[in-house]
Amino acid sequence: MANLSGLSEEEAKEFHEQFKTTFTAFLGVAAVAHLLVIAWKPWF
Amino acid sequence: MANPADDYKIWLVINPAKFLVPIWIAVLATVVVIHIAVIGSPKYNFLAAPAKVAAAS
């Protein structure tokens with residue numbers, strides 16, 4: 001049975017691996033930015 | 001159905017070929033709104049605040 005998106009299980013898993021990698025990098029950059037702001041002016 | 005093991009199944013519902021760029025645009029819009037809010041706050045306006053290092057020299 002075709003999925004709603006048209007992707008197969010394998011294609012979805014393959015794309016999700018790349019999505020997780022890129023999203024983890026995005027979180028890393030955001031974490032560094034937040035640490036810099038905390039060092040500059042803590043907000044708590 | 002258990003997460004995060006089944007997280008990938010979102011791509012069985014939405015096709016990244018069609019929705020990845022809209023997802024990026026939504027993230028970018030969120031980032032812009034948050035930065036505008038931060039710049040709008042007097043305490044955290046990093047554009048107006050003089051850098052301490054520059055001020056010290």
Side-chain angles (χ1 to χ4, degrees):
Chain A
M1 190 189 83
N3 295 305
L4 285 172
S5 68
L7 269 68
S8 66
E9 287 275 326
E10 289 68 33
E11 287 168 333
K13 283 178 179 169
E14 180 191 354
F15 175 77
H16 195 57
E17 286 308 311
Q18 178 59 58
F19 187 87
K20 285 191 295 187
T21 301
T22 309
F23 187 70
T24 303
F26 173 81
L27 288 181
V29 170
V32 168
H34 283 79
L35 288 175
L36 291 175
V37 174
I38 286 173
W40 175 44
K41 280 180 192 173
W43 58 84
F44 46 78
Chain B
M1 181 74 169
N3 300 101
D6 289 321
D7 286 358
Y8 76 91
K9 291 183 179 177
I10 185 65
W11 312 116
L12 300 177
V13 177
I14 60 174
N15 187 336
K18 186 185 290 187
F19 287 99
L20 185 57
V21 172
I23 288 169
W24 287 343
I25 291 170
V27 169
L28 182 63
T30 307
V31 165
V32 167
V33 166
I34 290 172
H35 280 80
I36 288 172
V38 167
I39 288 169
S41 75
K43 181 178 177 184
Y44 284 97
N45 185 340
F46 53 89
L47 296 178
K52 281 204 180 71
V53 177
S57 61

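Just so you know, these numbers use all the heavy atoms, side chains as well, and skip hydrogens, waters and symmetry mates. Quick caveat, the model's predicted, so the values are computed rather than measured. Every chain is numbered from 1 and lettered A, B, ... according to where its sequence line falls, protein lines coming before strand lines.
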Do [X] and [Y] sit in the same hydrophobic cluster, where Ile, Leu, Val, Met, Phe, Trp and Tyr count as joined when their side-chain heavy atoms come under 4.5 Å apart?
X       : Y       : result
B:Val31 : A:Leu27 : yes
B:Ile34 : A:Ile38 : yes
B:Ile25 : B:Ile14 : yes
B:Val21 : B:Val13 : yes
B:Leu47 : A:Trp43 : yes

Next item on the list: Below 4.5 Å from any heavy atom of chain B, which atoms of A:Glu9 appear? Answer side chain, backbone, both or neither.
Entry: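 Both backbone and side chain.
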Check: Is the closest side-chain heavy-atom distance between A:Trp40 and B:Tyr44 below 4.5 Å?
Finding: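 Answer yes - side chains close enough.
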Next item on the list: Identify which part of B:Phe19 has an atom lying under 4.5 Å from any heavy atom of chain A, answering side chain, backbone, both or neither.
Entry: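 Neither; nothing under 4.5 Å.
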Next item on the list: Measure distances from B:Val38 to the heavy atoms of chain A and classify the residue's part below 4.5 Å as side chain, backbone, both or neither.
Entry: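 Contact with chain A: none, neither part.
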Distance from [X] atom [atom1] to [Y] atom [atom2], nearest 0.5 Å?
X       : Y       : atom1 : atom2 : value
A:Leu4  : B:Leu12 : CG    : CG    : 9.0 Å
A:Leu36 : B:Phe46 : CG    : CZ    : 12.0 Å
A:Glu10 : B:Tyr8  : CD    : OH    : 8.5 Å
A:Leu7  : B:Ile10 : CG    : CD1   : 11.5 Å
A:Phe19 : B:Ile23 : CZ    : CD1   : 5.5 Å

Check: Where do A:Ala12 and B:Trp11 come nearest, in terms of heavy atoms and distance?
Finding: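 For A:Ala12 versus B:Trp11, the nearest heavy atoms are O-CD1, 3.7 Å.
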Checklist line | side-chain hydrogen bond (donor to acceptor under 3.5 Å, both in side chains) against A:Lys13, all qualifying residues, sequence neighbours excluded | finding: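 For A:Lys13, no residue satisfies side-chain hydrogen bond (donor to acceptor under 3.5 Å, both in side chains) once neighbours in sequence are set aside.
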